[in-house]
Amino acid sequence: MAGLAGSTTTSTGKAPLPDACGGLATMDQGMIKAKFSIGHDRIDHEHQVFLDLMINVSRANEDGSSQERVLRLLEEVKKYAEFHFFSEENVMIDAKYPEYDAHHKEHRILIAALDSKVYDYCAGQLDLDALVEFLFEWFALHTTGSDKRIAQYLSG
């Protein structure tokens, strides 16, 4: 991946997202919401907030923000991911979701991978473009895979 498309939202309201996320760079916010909606209002809302936080990191990258600023934004993403995962896991526990253990493990793996990527970024071993790409791919794959299965189970 060469980097990000666009610099901020365009005049048509399109978000500057990596093409690795299934063409998100050319979708407006409504289409993005539809693509990642799993049909559970709370989880869908949390996914939108999570996506907005990742867009903030993307914009900081494009704007040439300081490493200190970028690290604060990445910490915000991590803290929100931890909150969201905990919240999502509560939904699974309440519903007696049979794949809870595997999904919980996936959440822990994702947080560990994020920590590793941020460490590599701080050490100069990973550029911010690659870290941003990782964030969007992680979000896209997890949301459209594992999280969709939760929704399927909940809808019965």
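The structure displayed is predicted, hence computed values, not measured ones. Along the sequence shown, residues are numbered consecutively beginning with 1.
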Kindly give the heavy-atom pair with the smallest separation between [X] and [Y], and that separation in Å.
{"X": "E89", "Y": "Y100", "answer": "CB-CE1, 3.6 Å"}
{"X": "A95", "Y": "L154", "answer": "CB-CD2, 3.3 Å"}
{"X": "H40", "Y": "V91", "answer": "NE2-CG1, 3.9 Å"}

Spatial distance of atom [atom1] ([X]) from atom [atom2] ([Y]) [nearest 0.5 Å]:
{"X": "E133", "Y": "D127", "atom1": "CD", "atom2": "CG", "result": "9.5 Å"}
{"X": "I55", "Y": "R59", "atom1": "CD1", "atom2": "CZ", "result": "6.0 Å"}
{"X": "N56", "Y": "S65", "atom1": "CG", "atom2": "OG", "result": "10.0 Å"}
{"X": "I109", "Y": "S116", "atom1": "CD1", "atom2": "OG", "result": "13.0 Å"}
{"X": "I43", "Y": "I38", "atom1": "CD1", "atom2": "CD1", "result": "4.0 Å"}
{"X": "L110", "Y": "F134", "atom1": "CG", "atom2": "CZ", "result": "6.5 Å"}

### Query
Does I111 share a hydrophobic cluster with Y119, counting links as ILVMFWY side-chain heavy atoms below 4.5 Å and allowing steps through other members?
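Not linked; separate clusters.
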
### Task
Check step by step if side chain to side chain contact (heavy atoms under 4.5 Å, CB included) holds for V57 and L131.
CA-CA 10 Å; V57 175; L131 202 160; 5.6 Å; no

### Query
Is the backbone of K96 close enough, under 3.5 Å, to the side chain of Y153 for a donor and an acceptor to pair up by distance?
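Looks like yes, one N/O pair under 3.5 Å.
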
### Query
Just wondering, more than 12 heavy atoms not from F86 lying within 6.0 Å of its CZ?
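No - once you tally the heavy atoms of other residues, nucleotides and ligands closer than 6.0 Å, there are 12 at most.
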
### Task
Tell me, yes or no, whether the heavy-atom count around E68 atom CD, taken from other residues, nucleotides or ligands under 6.0 Å, exceeds 12.
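No, CD of E68 has 12 or fewer neighbouring heavy atoms, counting only those of other groups under 6.0 Å.
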
For a quick test of your reading: what N or O donor-acceptor pairs under 3.5 Å do the side chains of residues 138-151 make, sequence neighbours left out?
residue: H142; atom: ND1; partner: E106; partner atom: OE2; Å: 2.7
residue: H142; atom: NE2; partner: H103; partner atom: NE2; Å: 3.4
residue: H142; atom: NE2; partner: H107; partner atom: NE2; Å: 3.2
residue: H142; atom: NE2; partner: D147; partner atom: OD1; Å: 3.1
residue: T143; atom: OG1; partner: F139; partner atom: O; Å: 2.7
residue: T144; atom: OG1; partner: A140; partner atom: O; Å: 2.6
residue: S146; atom: OG; partner: E106; partner atom: OE1; Å: 2.7
residue: S146; atom: OG; partner: E106; partner atom: OE2; Å: 3.1
residue: S146; atom: OG; partner: R149; partner atom: NH2; Å: 3.2
residue: D147; atom: OD1; partner: H103; partner atom: NE2; Å: 3.1
residue: D147; atom: OD2; partner: H47; partner atom: NE2; Å: 2.9
residue: K148; atom: NZ; partner: S37; partner atom: O; Å: 2.8
residue: R149; atom: NE; partner: E99; partner atom: OE1; Å: 3.4

I'd like to check [X] versus [Y] (side-chain heavy atoms, cut-off strictly below 4.5 Å). Are they in contact?
{"X": "Q67", "Y": "L71", "result": "yes"}
{"X": "N61", "Y": "V70", "result": "no"}
{"X": "F85", "Y": "H104", "result": "no"}

### Query
Any luck finding a side-chain donor-acceptor pair between D44 and Q48 under 3.5 Å?
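Note: D44 and Q48 side chains miss the donor-acceptor criterion.
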
### Query
How would you list, by chain and number, every residue that makes a side-chain hydrogen bond (donor to acceptor under 3.5 Å, both in side chains) with R42, sequence neighbours excluded?
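By the side-chain hydrogen bond (donor to acceptor under 3.5 Å, both in side chains) rule, R42 matches E46, S87.
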
Could you list the donor-acceptor pairs under 3.5 angstrom formed by side chains in residues 74-83, with sequence neighbours left out?
residue: K78; atom: NZ; partner: D115; partner atom: OD1; Å: 2.9
residue: K78; atom: NZ; partner: D115; partner atom: OD2; Å: 3.4

